[in-house]
K.L.:
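Handing you a structure now.
Every chain is numbered from 1 and lettered A, B, ... according to where its sequence line falls, protein lines coming before strand lines.
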Amino acid sequence: MIKPSIISRSYYSNSWNIQLREVAKDGYFKECIEIYRQMLRHGDSPDSFTFPFALKSCASLSLPISGSQIHSHVIKTGCEPDPFVQTSLISMYSKFSLIDNARMVFDENVHSRRLTVCYNALLAGYTHNSQPLKAMLLFQKMFSSDVPFNNITMLGVIPACALPENIGFGMSLHGCNVKYGTDCDSFVVNSLLTMYVKCGSTELARKLFDEIPQKGLISWNAMISGYAQNGLATQVLDLYSEMKFFGVEPDPVTFVGVLSSCTHLGAQRIGLEIEQRIARSNFGANTYLTNALINMYARCGNLARARKLFDVMGEKNIVSWTAMIAGYGMHGHGDIAIELFNEMKLTGIRPDGTAYVCVLSACSHAGLTDKGLGYFKEMERDYGTRPGHEHYACLVDLLGRAGRFQEVKELIDSMPMKPDGAVWGTLLGACKIHGDVKLAELAFERVIELEPTNVGYYVLLSNIYTNAENMEGVARVRVMIRERKLRKEPGCSYVELKGKVHLFVAGDRNHPRTNEIYEMLNRLEELIEESYGTEAKNEKLRRSEETTSTSAGVHSEKLAVAFGLLNTTADTEIVIIKNLRICGDCHLFMKVVSEVVNRGILVRDASRFHHFKDGTCSCNDYW
DNA sequence: GTAGGGTTAG
């Protein structure tokens, strides 16, 4: 039998092929295409050695038309059966997202259906083109047809399982790797680690991580980013210290993960440390890193610092702009957010779905209702971005805050998809602002159908009843919570001081400075009483005492603010972070404290800031 | 002589 690779091999092609190899080795793909064109002009016929270079160059340079032209040359010269050519074609079409063409090449050649490399290329193609199911099916076919697989097969198919619903398949691949020894490859291990992380199973990822005998930088990064993506910010910081302890040098990827956790924790001080470390390590020009820094400062409330980084950075991409817009939006500077958003469009950057979420929420916080409505219309009309659930939730928030409930109802009815929990939950939040008990009951009913175990909504409704002095309603919600065996997560709050995060839970007495903290709390009570008198104090604090049930009656945020007051000077603002999606009524207490101590106090929860100063509150009660 | 791959931000 003639080996396919020597079909149509010609003497004249040889010198061209040698040139191609030299040039491709160094990644000069433009030059490769040029040599290929010259070859054709000379009347020399490309052969099975020529095509892989030419096809790979087209793939790298994103030249789909040239790619399909070369495919026709492949057919003309009869090089189709060559396994190298087939693999190159499959890989090229996959990179152009023309996955059906890739599949056709695979199916039309008897050879490919027995070849590991062709399976590998197609598997990676399905995975990268968001068709995980097809990737998994293809692997099964490969397995059952006894086509041998290798570590590269695994790298193609493992990421297909990076969805919570596919974790079972992922675990069986893990088993497969152990059985066939492909798990010794560090690439495969890192890929498995990432797969577990993306499935949301940081425990399994950590177990695997701990079993790696010699962890490389990428394993550390995968684990750190994994914790960061799953919101386990304290674990990120712990692992980062561990990494430093083992003498592993961090790179930009590490820093991006750590910075994202600083953002979650509001740990600006630790973020600053990282920034200085970045400055020392010459990673300054990395766009990912600068974006992470901008995001961290913007969300932590240091808009000036964020803006400075933003203004001096070289190439701003959509993420840089969005981070800045979101920062202004969440701190009540809706006007600047909008200005920046318009400026971004002028520079030719097309806003995407996330950018619209940020600008809509900025409008909502600044009370720019009609501007927000305009942006909502523009997003699909001018940019072809279909509004998703999150955009509808923003719009409900926008209209709901403005008390335009009739329009909210019309909007919800007009939604092309079923409204999700966020939409009804946002409406519930708006009902709290306007004290609309009837609509709140409707929104509650809907949201509970969708998220029956989200205790935050029960608390919210209970607060609405409290405000309306409907004690029967409050009791009814309490019974529901008890009957459904729901428990309010133990709220915890933390405050960052001198680069250390201090965490408190309700009634906490574990902090080494517990006595001082409780003394400070007593002094605060006295101060409030002095300022408002007993009656008013009780009136002002009543709701927060009643609606948030804690065993000791001392909520975590009170401890955090007391600790903050003990450790900062009069001119610094105190930032407290709550781990709950819904802040409950800690605002009331903070507002009062902020007035009596004449200090800015910032309470942050999952995604937004609540700012109290001089009795003003630019916050939303719910998110 | 040529083909297939892991970690990063809003």
K.L.:
Any side-chain N or O of A:Gln229 under 4.0 Å from OP1/OP2 of B:dA9?
P.N.:
yes
K.L.:
So, do A:Phe149 and A:Phe139 have ring centers that fall under 6.0 Å from each other?
P.N.:
yes
K.L.:
When we call it a touch if two heavy atoms are under 4.0 Å apart, what does A:Asp352 touch: a base, just sugar-phosphate, or nothing?
P.N.:
base
K.L.:
Tell me which donor-acceptor pairs under 3.5 Å the side chains of residues 152-162 of chain A have, and how far apart each pair is, sequence neighbours excluded?
P.N.:
from     : atom 1 : to       : atom 2 : distance (Å)
A:Thr153 : OG1    : A:Asn120 : OD1    : 2.7
A:Thr153 : OG1    : A:Asn150 : N      : 2.9
A:Thr153 : OG1    : A:Asn150 : O      : 3.3
A:Thr153 : OG1    : A:Asn150 : OD1    : 2.9

K.L.:
Give one of base, sugar-phosphate or nothing for A:Asp251, where a contact means two heavy atoms less than 4.0 Å apart.
P.N.:
nothing
K.L.:
Give one of base, sugar-phosphate or nothing for A:Tyr288, where a contact means two heavy atoms less than 4.0 Å apart.
P.N.:
base
K.L.:
Hey, does the side-chain of A:Asn14 have a donor or acceptor N/O within less than 3.5 Å of a partner on the base of B:dG1?
P.N.:
yes
K.L.:
How many whole angstroms separate atom CZ of A:Phe341 from atom P of B:dG10?
P.N.:
18 Å
K.L.:
With a non-hydrogen cut-off below 4.0 angstrom, is A:Glu22 in contact with a base, only sugar-phosphate, or nothing?
P.N.:
nothing
K.L.:
Give a yes/no verdict on base stacking between B:dG1 and A:Phe49: centres under 5.5 Å, planes within less than 30° of parallel.
P.N.:
yes
K.L.:
Nearest to the side chain of A:Val253 - B:dT2, B:dG4, B:dT8?
P.N.:
B:dT8
K.L.:
To the nearest Å, how far apart are A:Ile278 CD1 and B:dT8 P?
P.N.:
17 Å
K.L.:
Starting from P on B:dG1, measure out to NZ on A:Lys56 and report it in whole angstrom.
P.N.:
17 Å
K.L.:
Quick check on the 6.0 Å ring-centre criterion: do A:Phe53 and A:Phe29 meet it?
P.N.:
no
K.L.:
In whole angstrom, what separates A:Tyr119's OH from B:dG4's C1'?
P.N.:
14 Å
K.L.:
Where the side chain of A:Ala222 is concerned, which of B:dT7, B:dG4, B:dG10 is the nearest nucleotide?
P.N.:
B:dT7
K.L.:
Using heavy atoms and a sub-4.0 Å distance, could you list which residues of residues 184-192 of chain A are near DNA chain B? By number, please.
P.N.:
A:Phe187, A:Asn190
K.L.:
Counting heavy atoms from C-beta on, name the nucleotide in B:dA3, B:dG1, B:dG5 closest to the side chain of A:Leu155.
P.N.:
B:dG5
K.L.:
From B:dG10, B:dA9, B:dT7, pick the nucleotide closest to the side chain of A:Asn221?
P.N.:
B:dT7
K.L.:
A:Phe310 and A:Trp321: aromatic ring centres closer than 6.0 Å?
P.N.:
yes
K.L.:
If I take atom NZ in residue A:Lys316 and atom P in nucleotide B:dA9, what distance separates them, rounded to the nearest angstrom?
P.N.:
21 Å
K.L.:
Who are the ring-ring contact (aromatic ring centres under 6.0 Å, His included) partners of A:His174, not counting sequence neighbours?
P.N.:
A:Tyr196
K.L.:
Take atom CG of A:Leu293 and atom C1' of B:dT8, then tell me their distance rounded to the nearest Å.
P.N.:
13 Å
K.L.:
Of all the nucleotides listed (B:dG5, B:dT2, B:dA9), which has the minimum atom distance to the side chain of A:His128?
P.N.:
B:dG5
K.L.:
So what does A:Thr354 touch, heavy atoms closer than 4.0 Å: a base, only the sugar-phosphate, or nothing?
P.N.:
base
K.L.:
Restricting to pairs with a member in residues 348-359 of chain A, which pass side chain to side chain donor-acceptor pair (under 3.5 Å), not counting sequence neighbours?
P.N.:
A:Tyr356-A:Glu378
K.L.:
What does A:Leu89 touch in the nucleic acid at a heavy-atom separation under 4.0 angstrom: a base, only the sugar-phosphate, or nothing?
P.N.:
nothing
K.L.:
In terms of side-chain heavy atoms of A:Val256, which of B:dG4, B:dT8, B:dG10 is nearest?
P.N.:
B:dT8
K.L.:
As a test of reading the structure: which of B:dG4, B:dG10, B:dG6 is closest to the side chain of A:Ile218, going by heavy atoms?
P.N.:
B:dG6
K.L.:
Can you check the A:Asn150 CG to B:dG6 P distance for me, whole Å?
P.N.:
14 Å
K.L.:
May I have the distance from A:Leu123 (atom CG) to B:dG5 (atom P), rounded to whole angstrom?
P.N.:
11 Å
K.L.:
Can you list every pair that meets side chain to side chain donor-acceptor pair (under 3.5 Å) and has a residue in residues 244-254 of chain A, with sequence neighbours left out?
P.N.:
A:Asn221-A:Asp251, A:Asn221-A:Thr254, A:Asp251-A:Thr254
K.L.:
Establish, for the pair A:Lys215 and A:Phe246, whether the NZ or CZ atom is under 6.0 angstrom from the six-membered ring centre and no further than 45 degrees off its axis.
P.N.:
no
K.L.:
Does A:Glu31 have any salt bridge (Lys or Arg N to Asp or Glu O under 4.0 Å) partners at least two apart in sequence or in another chain, and if so, which?
P.N.:
none
